[in-house]
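Below: the structure, in structure tokens.
Since this is a predicted model, take the numbers as computed values, not measurements. Each chain gets a letter, A, B and so on, in the order the sequences are listed, and its residues count up from 1.
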Protein chains: 2
Amino acid sequence: MHIDYDLIITYGGIAKKISKGEIVFSENSEPKYYYQVLSGSIKIYTSNIQGKEFVQDIYTPGQSFGEPPLLIDKKYLITAEAQEESVILLLKKENFMQLIDEHKEIHFELTKDLANRAYNTLFSAQILANPSPEDKIIKFLNQLVEKNIIEKNTPIPYTRQQIANQIGLRVETVIRSLNKLQKENKVQIINRKLYYL
Amino acid sequence: MHIDYDLIITYGGIAKKISKGEIVFSENSEPKYYYQVLSGSIKIYTSNIQGKEFVQDIYTPGQSFGEPPLLIDKKYLITAEAQEESVILLLKKENFMQLIDEHKEIHFELTKDLANRAYNTLFSAQILANPSPEDKIIKFLNQLVEKNIIEKNTPIPYTRQQIANQIGLRVETVIRSLNKLQKENKVQIINRKLYYL
DNA sequence: CGCTCGTTTGAGAGGACTCAAGGTAGGTGG
DNA sequence: CCACCTACCTTGAGTCCTCTCAAACGAGCG
């Protein structure tokens with residue numbers, strides 16, 4: 001989801017600077033704003049799984065985040081934190097609602113974005129529901145390809161730890177599973193770099 | 001999500017009878033229609049987890065299902081099957097898009113519905129991401145309360161097997177975990193009926 | 001009563017997790 | 001250019017606990 005900068009400002013949006021590590025909103029807090037990244041990057045995660053950080057997504061300039069709870073008046077299930085010094089745009093809920101009410105094309109974009117989120121989250125749920133570590137990894141890699149985050153025969157831009165965090169496994173388990181998958185020719189590991197075949 | 005019967009018909013929707021066990025759409029197929037239950041009930045599940053059925057949801061008269069992939073032109077991740085003899089309304093994608101384009105209030109309802117789905121699916125993902133069976137069960141029960149499906153001190157309307165299917169555990173594990181939770185006074189089991197405290 | 005469906009208990013195996021210890025690559029400073 | 005540091009990767013041993021398989025129990029119903 002992306003709304004033109006000038007349009008956000010026109011509707012009363014403001015820009016805010018966020019330092020690295022600063023929290024934009026946290027779990028169980030009430031949504032008040034529509035948020036869009038102007039510069040930097042915002043990390044979205046859940047921290048309630050036995051204190052372990054469970055990364056959901058990372059948002060970069062032009063992308064918005066945190067709409068679902070805003071639209072249905074529920075508390076955030078996630079925490080948003082600046083990964084680096086960033087600037088974000090804030091638009092009050094009422095103004096945001098007015099904006100989409102008066103701009104049909106943006107409303108349609110929002111609809112698609114929400115559909116996309118529902119779709120991707122279900123995909124993640126299916127990864128997690130899978131009891132076998134190997135299957136989880138394969139499904140996770142598949143998802144990356146589908147989301148165009150990686151291409152086949154391109155090294156995967158995540159550390160083993162980052163992969164583990166996203167699929168709910170331990171680093172060691174990821175490593176051992178990757179070894180099995182390599183023997184089955186489903187992934188390739190060259191000089192520690194991981195390739196999906 | 002719910003659209004008025006007459007309106008669906010006006011836009012060219014048709015009703016279709018579905019026998020018990022019949023598939024409305026299945027995983028990896030292309031979305032073509034907007035679907036809404038008229039009578040009976042439709043079960044949504046994923047079957048790809050080692051052949052085990054993973055129930056996502058059950059839809060009853062007046063509710064629609066399967067919109068996210070329809071809106072973003074992706075294949076279904078789920079299978080929809082009639083739990084009993086049912087009648088559903090089908091509306092071609094183009095007509096559906098035209099309908100929401102011409103009815104702003106319905107478009108807003110769709111938006112909220114999608115936000116709700118994204119929210120609920122994330123909640124499910126957080127349940128699954130939790131490594132401890134007890135925590136999964138507690139979070140699952142919490143979700144039921146939040147969705148107003150159950151109230152505290154009301155027997156939970158699911159069999160142990162159904163609970164297990166929704167959180168990715170075995171029946172036996174659910175039973176043994178429930179016993180532990182009872183000892184911790186987090187649930188109550190009276191005459192096999194389960195109460196959430 | 002006898003069937004069926006859901007619940008419960010037990011024993012055993014497998015495998016992910018934990019903890020601990022090295023190994024390796026890339027960057028930094030002397 | 002080399003020694004060092006740090007972050008990441010890897011391996012091993014052992015424990016714990018979920019899953020599997022098998023069997024039996026309980027409740028509701030024709």
> Under 3.5 Å, side chain of A:Glu67 to main-chain N/O of A:Asp113, donor-acceptor pair present?
Replying inline: no

>> Tell me the interatomic distance from B:Ile189, atom CD1, to C:dT7, atom P, rounded to whole angstroms.
In response: 11 Å

> Would B:Arg170 and B:Glu172 pass as an ion pair if we require N to O under 4.0 Å?
Replying inline: no

> Is A:Glu94 salt-bridged to A:Lys92, cutoff N-O under 4.0 Å?
Replying inline: no

>> Measure CG/B:Asn165 against C1'/C:dT7 and give the value in whole Å, please.
In response: 15 Å

> Where is the tightest heavy-atom contact between B:Asn28 and B:Lys75, given as atom of each residue plus distance?
Replying inline: O-CD, 3.2 Å

> With B:Glu134, which of B:Lys139, B:Lys180, B:Lys183 fulfils salt bridge (Lys or Arg N to Asp or Glu O under 4.0 Å)?
Replying inline: B:Lys180

> Which atom pair, heavy atoms only, marks the closest approach of A:His107 to B:Thr111?
Replying inline: NE2-OG1, 2.7 Å

>> Whole angstroms only, please: what is the CG-P distance between B:Leu194 and C:dG6?
In response: 16 Å

> Can you tell me how far P of C:dG23 sits from CZ of A:Arg160, to the nearest Å?
Replying inline: 19 Å

> For A:Ile190 and D:dT10, what is the distance between atoms CD1 and P respectively, to the nearest whole Å?
Replying inline: 13 Å

> Nearest-Å distance, CG (B:Leu169) to P (D:dT20)?
Replying inline: 11 Å

> Which residues, if any, of residues 172-185 of chain A bring a heavy atom under 4.0 Å of DNA chain C?
Replying inline: A:Glu172, A:Thr173, A:Arg176

> With respect to the phosphate group of C:dT24, does any side-chain polar atom (N or O) of A:Arg192 fall under 4.0 Å of OP1 or OP2?
Replying inline: no

> D:dA22 P sits how many Å from B:Arg170 CZ, rounded?
Replying inline: 15 Å

> For the pair made of NZ in B:Lys193 and C1' in C:dG6, what is the distance, rounded to whole Å?
Replying inline: 11 Å

